[in-house]
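Everything below concerns the one structure shown next.
Just so it is clear: chains get the letters A, B, ... in the order the sequence lines come, proteins before strands, and each one is counted from 1.
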There are 2 protein chains.
Amino acid sequence: MITASKSDAVSQDGLLPDLPNGPLSEYRRKASFNWKDMAMFLEDEDIIAFKNKIFSTLESDPLFYRQPGVDLPLEKYRELTFLRCKKIFEYNFLTFEATMEKPQKMLVLINCLGMYDWSLSTKYFLDTQVFGVAIGNTGSERHETILHQTQNMEIFGCLALTELSHGSNTKAIRTTARFDASTKEFILNSPDFEAAKFWVGNMGKTATHAVVYAQLYTSDGRCHGLHSFVVQIRNPKTLLPMPGVMVGDIGRKLGQNGLDNGFAMFHNVRIPYENLLNRTGDISSSGNYTSAYKDPKQRLGASLGTLSSGRVSIISMVVTNLKLAITIAIRFSATRRQFGPTEKEEIPVLEYQLQQWRLIPYLAAAYALDYFSVGFFFNLIELQIGILMKDRSPRQAELGKEIHALSCAGKPLASWTAQHGAQECREACGGHGFLAMNRLGDIRNDNDPNCTYEGDNNVLLQQTSNYLLGLVQSIHEDNAPCESPLGSIHFLNDYKTILKRKFTASTIRECLDCAVALDAYKWLVCYLLRESHDKLQQEKQRAANDFDARNNSQVYYCRSLALAFIEHTVLQRYYDYTHDPSTPGSLQPVLKKLCCLYGLWSLNKHIAVLYQGGYFAGELPGRIVQDAILDLCAQLKDDAVSLVDAIAPPDFILNSPIAKADGELYKNLWSAVLQGEKVLERPSWWPEFCCNKPVIGKPRSQL
Amino acid sequence: MITASKSDAVSQDGLLPDLPNGPLSEYRRKASFNWKDMAMFLEDEDIIAFKNKIFSTLESDPLFYRQPGVDLPLEKYRELTFLRCKKIFEYNFLTFEATMEKPQKMLVLINCLGMYDWSLSTKYFLDTQVFGVAIGNTGSERHETILHQTQNMEIFGCLALTELSHGSNTKAIRTTARFDASTKEFILNSPDFEAAKFWVGNMGKTATHAVVYAQLYTSDGRCHGLHSFVVQIRNPKTLLPMPGVMVGDIGRKLGQNGLDNGFAMFHNVRIPYENLLNRTGDISSSGNYTSAYKDPKQRLGASLGTLSSGRVSIISMVVTNLKLAITIAIRFSATRRQFGPTEKEEIPVLEYQLQQWRLIPYLAAAYALDYFSVGFFFNLIELQIGILMKDRSPRQAELGKEIHALSCAGKPLASWTAQHGAQECREACGGHGFLAMNRLGDIRNDNDPNCTYEGDNNVLLQQTSNYLLGLVQSIHEDNAPCESPLGSIHFLNDYKTILKRKFTASTIRECLDCAVALDAYKWLVCYLLRESHDKLQQEKQRAANDFDARNNSQVYYCRSLALAFIEHTVLQRYYDYTHDPSTPGSLQPVLKKLCCLYGLWSLNKHIAVLYQGGYFAGELPGRIVQDAILDLCAQLKDDAVSLVDAIAPPDFILNSPIAKADGELYKNLWSAVLQGEKVLERPSWWPEFCCNKPVIGKPRSQL
């Protein structure tokens, strides 16, 4: 067992202050490990110090003060979000050099701001990263000024792809950009309001510039497909729209209302031809179109390529939401007492098996998915370095395909887990979970669009299953092994052997080894791959076209395949990590339990398929898997509080009275309620009750 | 096939105006039935006329005008909700006599108001029904004035049961009411802030009177358990709190923000002893406690009995939410086009099997649960008539128990189905589903508390499983048959035979007969009953006490049992209804498909258990059930638009631009967006961007 050395302890205490004593102390005492050791294991000192700096800066700046659960008018919320965003520019938490040195810090910054408020984080992220990176990745030297202006907030950016009538089907985008050879300008046009750019974050009120995706037409009338252009939509000196641009705000949303989402229509707006982001295609001085790609499909892929890194970031963001939600629900459950073995004594609701089963698997998921998201981000960095280095090796191409496949299933898995987890946490906190100040609503609502943007979850999953189905031929020809840079498909080389396997565990104890779930997942992926492939072949023979055949192979087949595959990947990576000899001995037991619980709990959703395909037989397998899940929940319940302590942000950031680190649930809640505006005052409209009495059955006109 | 006669058609056209032509017409033409016939079959003319009256009254009163998606400040929303509530009193849609004649109309009114806005509906319902009925059912002649004052809105009521630290465990309520013999008063006291009444609807700003639950103490210091008292909390002339009452608003919630939920603490508040609601227990003139019940447990049951009808109403309310959500999602999906077999042609997303599978089962659930909720309401009326008639027969007692068991599982099933359905509908509408004006967020958020109030869903389910476990002895002694007034447990008489059965269907076609799902459910309930009983016995031997034994038998056992039982009941009732010879031949095919789809889709969640227990064996059963689900979805997709037409309220009430009856998705959405406040204006804080530029890395103080 590894214990912290003296110098470790000193650095720990500086980085991780002790948590206050109170009603949570009892659970903390019962924990099998030290939460500070865990925190220091999950993130390095540098990252923890970076987070601390961000958190303490926000906490000590009155601009960032929040009243829990307060009802801000939309415009006020947007103003505050903008002012805070500007302040983040001023704080400049992350210099360009620091980002280059440790790119992960950008994600940490985004998540720290998100833990505070996703509207702020998204606003900042869309401008500096999505807009900035789109220009950096698809533009050229001539666009450097724009980057510079973005960094100084001289201009403010957004990325305008989707239109009112087109989201998922980006190829069908209808905005046009026609080259006018006489003036060397592009003329941007929205053919009608259905082609208005729509849903664009930052466009509603603040953006001065947009990267606009449009169909490029040369003067000869030929269409060269979707390209992106920098378009000035507002005057940075006045924030008034540019001539010919109709730009506005799409209104209130289900969440992230501090962010202004907008629309824009272009009425023959002329922009200099240099505004074409010309990495993949350009117009020569003579007005001819030139492209780095011969195949238009390849060009489209490259043009949309800048969007794929968004999914990797989203995985990390939604995991952050899951961590927030589960922190709130676990701390609440450890301090909320209801019923008990005798009438005199009430026990914390966390002691109930049902409550454990509702929450602790999501805690395990938060740990497992968090690990995946960090590692996957490094995989992305590797890919991006390759792109920067102009690596044209087959490995680089394969890495791109694998990351695409993993991100297209990873985002759905993680965002749904966070969404369902947030709802479960809200319900598990009962009425108090429904009170806005306790924040579970905001977490759920701010998380929700992650299921949709950067690709609808259900649509994205097809990308992953397509990738896997593309491997079937190599699998059948034994001489072409399944190889991929990240190894996520290596196990498919044993496809035939795996499919012959059966579940062999016969006791709960055996199921407490995570290898059991992992083996079952390997079988599951192979089985679903075979079934999906067969289904697709059948449908191809039956259907009118491949389009229909593919559509009719999704439910119960390709969709399940993509999810099972990503769950396996997440589990395999977490298994390797928790079983690594370098993992501290003091933490390994609890981490292995989390790994096993995540594995079995995820697997439990597929038990019908395990039976159907014959991997399970008889009553025993289903029963011992479920008993093992409950057993692990019971084993982990005394560790749950410390497990959330290790991932929770400070109280100011978490901003949930029922989940403060001191565990004084009712005192904090009551105090927050009493701080509400006009909480004890009668309403301003009291005479409407006291004087203007209704005459029953005689409505008076209001006019 | 039954066709409408001429006079029917005339009355139909008066009651149900034709729907406008537009992009939805094609699906309407393809429907297998006439939506007006369906509407007239689902509800009688009188009810339809009543609904029309409510809807058209609201639509023509400017007080009820709404801007879709508008952002109302909390206080403004509450004021509007109060004014609208007062107007509902003035409109007096339902006289006392009309309610007596057709009690169902009260539920129709609540739902019509809810379709408009749940805050309004709940506000009205809590005052007139929950507060009013509590007094009517637990008070006596001396409380009639209060009822009269409520009806005239001289006073405004709320029901105060839960406290800050106690919700589910009502027995542990800590507010006290001590009888002072010298003044013949009760002294109401909250021992500390944790015993503050909390979450009480209408208490935040408007209620003048509360029915308060408190522990009754006689002057000799003896506690007689929980009783209810009418307490004046505010002065109706000023809306200022009464002396000793600290009353306030708990703040913003995740939904229903037009309703003011509040808290109250009582500091030795004296109330006349007549304010005790004395149906179950009273204080004699000499200060002695007298009770109609010998057993305190029985008294508690009777005292809380008034709450149980709430659950029956909630089932109907949440089904209303499901109907709204699915209407929006189906109409959107029938008009939103994305991708297609060729690049030129895009098809409605409803044509995708995946979209059908996501939505059409919820449409089927809306129909099946709606039928259940209406029938179950009539069962409740029967029970209530028995109570009024002082029926003390064993049948009446059994009816009470059965309705309790069904409502304790019916509310969880229906509220979760609506909650998950609303989320699925929001996601199925993509980004536009995330836009507040399209209303899916409000539906989901307003539906959410139904999972918690009137009993947390998970806690309630135990009541149902306890009822079923109580039958096990009769089942084992064959001579004591399972009998219940509503027949929901009759099939358990064949328990032993049923458990021996196996799934026998071998083709998709066979599964299209709803009897297949029904048979499987019968086996499932019997199996889970046996397993739960055995588990409980095992746990009793292992655990320290019965409390632990019961808690450790919930997950995968008792909880699943309660859900399977209620799903069976809903399905059985819908099966009998759709297969009844009196159901019109023109509607029967589509109704049977809905029944079958609901059955198989619900059953599909239990397939693991069906395999585990040996009812299913091999690949075939799981596969044909799933194929049948997809087949039914495909069969129903052309009927889906007409099926929602038959249950949708008018556009004004539905209030969702993407789901208007004319199907002009984009025109309506675009027009609603452009009507937004200051939609095209620059923000008021524009100089914060244009003039006060940030200096990167140099934060300025905000003070």
Side-chain angles (χ1 to χ4, degrees), chain A residues 63 69 71 74 79 86 89-92 153 167-169 193-194 199 205 239 248-252 254 338-339 341 352-354 357 427 430-431 434 436 441 449 451-452 545 547 551-552 554-556 607-608 611-612 619 622 626 666 670 673 676 679-680 682-683 685-686 694 696-697 699 702, chain B residues 63 69 71 74 79 86 89-92 153 168-169 193-194 199 205 239 248-254 338-339 341 352-354 357 427 430-431 434 436 441 449 451-452 545 547 551-552 554-556 607-608 611-612 619 622 626 666 670 673 676 679-680 682-683 685-686 694 696-697 699 702:
Chain A
L63 183 64
D71 174 52
L74 203 61
E79 177 179 358
K86 193 162 73 169
F89 272 83
E90 292 179 357
Y91 283 123
N92 198 26
M153 213 202 234
S168 292
N169 190 3
F193 73 87
E194 290 191 18
W199 265 110
K205 291 292 173 194
L239 274 188
D249 193 294
I250 65 167
R252 200 161 65 90
L254 273 58
Q338 207 80 178
F339 299 105
Y352 292 91
Q353 190 185 64
L354 186 63
W357 171 73
E427 290 181 36
F434 193 67
C451 301
T452 298
N545 50 49
F547 177 78
N551 289 335
N552 293 337
Q554 295 304 318
V555 184
Y556 303 127
I607 283 195
Y611 273 113
Q612 194 175 319
E619 281 189 305
Q626 294 179 340
Y666 298 120
W670 184 244
V673 167
V679 60
L680 296 169
R682 65 179 172 181
W685 38 271
W686 63 271
I696 311 304
Q702 295 294 322
Chain B
L63 183 62
D71 174 53
L74 203 62
E79 177 180 358
K86 193 162 75 169
F89 272 82
E90 292 178 356
Y91 283 124
N92 197 28
M153 213 203 236
S168 293
N169 190 2
F193 74 87
E194 291 191 17
W199 264 111
K205 292 292 174 193
L239 273 189
D249 193 295
I250 64 167
R252 200 160 65 92
K253 298 156 295 171
L254 273 59
Q338 206 79 182
F339 298 105
Y352 291 91
Q353 189 185 65
L354 186 64
W357 171 74
E427 290 181 36
F434 194 67
C451 301
T452 298
N545 51 49
F547 177 78
N551 289 335
N552 293 337
Q554 296 303 318
V555 183
Y556 302 127
I607 282 195
Y611 272 114
Q612 195 176 320
E619 280 189 307
Q626 294 179 340
Y666 298 119
W670 185 246
V673 166
V679 61
L680 296 170
R682 64 179 172 182
W685 38 270
W686 63 270
I696 309 305
Q702 296 293 320

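Looking at every heavy atom in both residues, A:Gln612 comes nearest to B:Gly622 through OE1-CA, 3.7 Å. Taking both residues in full, the closest heavy atoms of A:Asp249 and B:Val673 are given as O-CG1, 3.9 Å, listed atom of the first, atom of the second, then distance. Residues A:Tyr666 and B:Phe193 share a closest heavy-atom pair of O-CE1, 3.4 Å. A:Ala608 and B:Ile607 get closest at one heavy-atom pair: CB-CG2, 3.5 Å.
Residues A:Asn551 and B:Gln353 are not in side-chain contact: their nearest non-hydrogen atoms beyond the backbone lie 4.5 Å or more apart.
Interface summary for chain B: among A:Val555, A:Asn92, A:Val679, the most heavy-atom pairs under 4.5 angstrom belong to A:Val555. Of the listed residues (B:Glu79, B:Met153, B:Glu427), the one with the most heavy-atom contacts under 4.5 Å to chain A is B:Glu79. When each of B:Leu680, B:Ile250, B:Asn169 is scored by its heavy-atom pairs under 4.5 Å with chain A, the top score falls to B:Asn169. For the set B:Gly676, B:Gly251, B:Pro449, B:Gly430, the count of heavy-atom pairs under 4.5 angstrom toward chain A peaks at B:Pro449. Between chain A and the options B:Phe89, B:Trp670, B:Trp686, heavy-atom pairs under 4.5 Å are most frequent for B:Trp670. For the set B:Tyr611, B:Tyr91, B:Phe434, the count of heavy-atom pairs under 4.5 angstrom toward chain A peaks at B:Phe434.
Only the side chain of B:Tyr352 comes within contact range of chain A, judged by heavy atoms closer than 4.5 Å. B:Glu194 touches chain A through its side chain: at least one heavy atom from C-beta onward sits under 4.5 Å away, while N, CA, C and O do not. Proximity to chain A is limited to the side chain of B:Trp199, based on heavy atoms less than 4.5 angstrom apart.
At distances below 3.5 Å, at least one donor-acceptor pair connects side-chain atoms of B:Gln338 with backbone N or O atoms of A:Ser168. A donor-acceptor contact shorter than 3.5 Å is absent between the side chain of A:Asn545 and the backbone of B:Pro341.
Relative ring orientation between B:Tyr556 and A:Trp357 is described as perpendicular, the plane-to-plane angle rising above 60° on a 0-90° scale split at 30° and 60°.
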